[in-house]
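Proteins get letters first, then strands, A, B, ... in listed order; numbering begins at 1 in each. These figures come from a predicted structure and were not determined experimentally.
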Protein chains: 2
Amino acid sequence: MARKISDSTVRRLSRYLRRLRALDRREQKVVSSRGLAEATGTTAAQVRKDLSHFGSFGKRGQGYDVHDLRVQLEEILGLTRRWSVAVLGVGKIGSALLGYGFFTERGFDVAAAFDADPAKVGLDLGGVRVQPLSELEQTFSDRGVSIAIIATPVEAAQEMATRAVRAGARAVLNFAPVKLNVPSGVAMREMDVTLELEGLCYMVTAAGHVADRLADDIE
Amino acid sequence: MARKISDSTVRRLSRYLRRLRALDRREQKVVSSRGLAEATGTTAAQVRKDLSHFGSFGKRGQGYDVHDLRVQLEEILGLTRRWSVAVLGVGKIGSALLGYGFFTERGFDVAAAFDADPAKVGLDLGGVRVQPLSELEQTFSDRGVSIAIIATPVEAAQEMATRAVRAGARAVLNFAPVKLNVPSGVAMREMDVTLELEGLCYMVTAAGHVADRLADDIE
DNA sequence: ATGTTCTTGTGATCTCTTTCACAAGCGAGA
DNA sequence: TCTCGCTTGTGAAAGAGATCACAAGAACAT
Ligand SMILES: NC(=O)c1ccc[n+]([C@@H]2O[C@H](COP(=O)([O-])OP(=O)(O)OC[C@H]3O[C@@H](n4cnc5c(N)ncnc54)[C@H](O)[C@@H]3O)[C@@H](O)[C@H]2O)c1
Ligand SMILES: NC(=O)c1ccc[n+]([C@@H]2O[C@H](COP(=O)([O-])OP(=O)(O)OC[C@H]3O[C@@H](n4cnc5c(N)ncnc54)[C@H](O)[C@@H]3O)[C@@H](O)[C@H]2O)c1
């Protein structure tokens, strides 16, 4: 099996899987690399290359068996087991996540939620009871939490991440706009709205400049 | 000025800017490419290369003037103006965004919010009144909305994006887990929690496999 | 059987990004 | 003024990822 798979490949695999699940639900039997590519915004060659890192799943002349490939991709991505997720910080973002139905549907169990604010402890949000931080270590180990979602203010984010990892988390999803340090071997992804918004501003601004230049050229 | 700047460069520029703002606030005068690199998780050479696309901002032997470079980066990213943002879909995620203080701080005005549900229309969330969809076009043009944040259910996302663009949005930030199509010339970024979570699962799973292989080798 | 039509899997190639390495430049101190 | 220590800016090299292009199958019709 392949050595090192790039993040962009993994992201695309998720997209293919999402598409395959939809096709499977509506009982489409086969799909071509082109079919997958068009639905996920990439090229047929890219789809085939991505899959080829893991084996050969299609039939020449025919395409891929939808259900089959779906199962294969779930296997590859590690989605044949369920994953226990804990949410740290139950503020605006944290509680939105607790109420997010998609998680359970997709194999993620929101196993616990923690908050430093005593006023929030004990609340039931989306079927999860908010626990005090003091119970973090015990709960992580009891419920086999392997993914921690950081939704605390920036000031607390690094500390909470470190603590989650020490308590057994193997992966961290960070919503706070700070770069977090985690030991190597721990997976880490960030969801940074401000970064994305600023990126959009750049794109719009730069597009404007290009338009200006074109206009100049026409003169 | 440079031709085409990659997304990864733009993301890093945002990170540098975030760091510079923090340094500026605590009145540090100068910073080296290494200093910036360490704080943002990259390398000194990368920092210099990124900046070099836009000009030459440092002093050899000294480093960069913090305030100066901050202003330059704000200029480059297009953050010297304010941007009007509209939130489409005021559910769990949408209302979390409306209450997010960072936006206003950073030059983004949440100028409007829309929802299809009559029960939500008229509510005041984080100082923004929720409007019916019928007012979308007029409001976008009145308030110069240029960024639309999609926070509706997946089914409505494409339609809302199309409508926002037609109403004048130049950029779309999408929270719904679907690939949206927008005309070329419109900037588009997505925030997809499930994609990131699945990516984390892959990383944890793959790391496990590597560990297995190492263990085998040792035998 | 044979030919026709599709679509996969994959080396080869191209393009884009990151890293390297060092001359050029700046300030401080003698 | 000259030297020394330090850091930038940038071509050149290396590395990664995306695209091309085509031989190798698979089904089906004749
Ligand atoms: N609100 C948004 O739309 C939004 C969007 C993107 C990112 N974020 C980021 O997500 C994070 C949370 O934002 P929010 O708007 O939900 O903030 P919030 O203030 O609504 O919630 C933060 C919660 O974290 C809790 N908390 C504080 N310290 C803690 C600690 N040490 N351990 C555990 N919990 C702690 C607080 O009690 C509070 O309940 C912030 O870093 C923010 O920048 C928010
Ligand atoms: N809740 C989360 O934590 C979370 C996280 C990531 C992504 N998302 C995604 O964000 C989107 C919204 O999620 P949510 O949890 O806030 O859902 P939600 O059901 O709480 O909110 C959706 C809102 O959109 C409104 N709406 C429906 N159709 C609309 C239309 N055509 N135009 C405008 N508004 C419309 C609904 O009235 C509702 O208020 C979904 O696509 C979801 O997959 C949610």
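A salt bridge links A/Glu137 to A/Arg163: at least one charged side-chain nitrogen sits closer than 4.0 Å to a carboxylate oxygen.
Here the P atom of nucleotide D/dG17 and the CZ atom of A/Arg12 are 9 Å apart, to the nearest Å. Distance, A/Phe57 CZ to C/dT10 C1': 15 Å, rounded to whole Å. Per the geometry, CG belonging to B/Asp65 stands 15 Å off C1' belonging to D/dT8, to the nearest Å. Distance, A/Glu38 CD to C/dT7 C1': 14 Å, rounded to whole Å. What separates CZ of B/Arg34 from P of D/dT8 is a distance of 9 Å, to the nearest Å. Atom-to-atom, CG of B/Asp50 to P of C/dT19 comes out at 10 Å; the value is rounded to the nearest Å. Per the geometry, CG belonging to B/Asp7 stands 16 Å off C1' belonging to C/dT18, to the nearest Å. Rounded to an integer number of Å, the gap from B/Lys4 NZ to D/dA18 P is 14 Å.
The side chain of B/Tyr64 places an N or O atom within less than 4.0 Å of a non-bridging phosphate oxygen (OP1 or OP2) of D/dG9. Phosphate proximity of C/dT19 to B/Thr43: present, with a side-chain N or O under 4.0 Å from OP1 or OP2. Distances shorter than 4.0 Å separate some side-chain N or O of A/Ser56 from OP1 or OP2 on C/dG9.
A/Ser33 comes within 4.0 angstrom of sugar-phosphate atoms only, judged by non-hydrogen atoms across all strands, and of no base.
Panel note: side chain B/Asn174, backbone B/Ala176; a donor-acceptor pair is recorded below 3.5 Å. Looking at B/Arg170, its side chain never comes within 3.5 Å of a backbone N or O of A/Leu200 through a donor-acceptor pair.
Remark: the A/Glu198 side chain and the A/Thr194 side chain contain no N/O donor-acceptor pair separated by less than 3.5 Å.
With sequence neighbours left out, the side chain to side chain donor-acceptor pair (under 3.5 Å) criterion links B/Arg12 to B/Thr9, B/Asp50. By the side chain to side chain contact (heavy atoms under 4.5 Å, CB included) test, A/Lys179 pairs with A/Glu190, B/Arg15, sequence neighbours left out.
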Give the table of side-chain donor-acceptor pairs shorter than 3.5 Å for residues 32-39 of chain B, with sequence neighbours excluded, one pair per line with atom names and distance.
unit_1, atom_1, unit_2, atom_2, d
B/Ser32, OG, B/Arg34, N, 3.4
B/Ser32, OG, B/Gly35, N, 3.0
B/Ser33, OG, B/Arg48, NH1, 3.1

Atom pairs and distances, donor-acceptor, side-chain atoms in residues 89-96 of chain A, under 3.5 Å, two or more places apart:
unit_1, atom_1, unit_2, atom_2, d
A/Ser95, OG, A/Gly91, O, 2.5
A/Ser95, OG, A/Lys92, O, 3.4

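Considering only heavy atoms from C-beta on, A/Phe140 comes within 4.5 Å of A/Phe114 through its side chain.
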Protein-to-nucleotide contact annotation, 5' to 3' order, nucleotides 21-30 of chain D [B base; S sugar-phosphate only; - none; under 4.0 Å, heavy atom]: B-BBBSS---

What does the list of N/O pairs under 3.5 Å between the protein and nucleotides 11-16 of chain C look like, with a distance for each?
unit_1, atom_1, unit_2, atom_2, d
C/dG11, O6, A/Lys49, NZ, 3.4

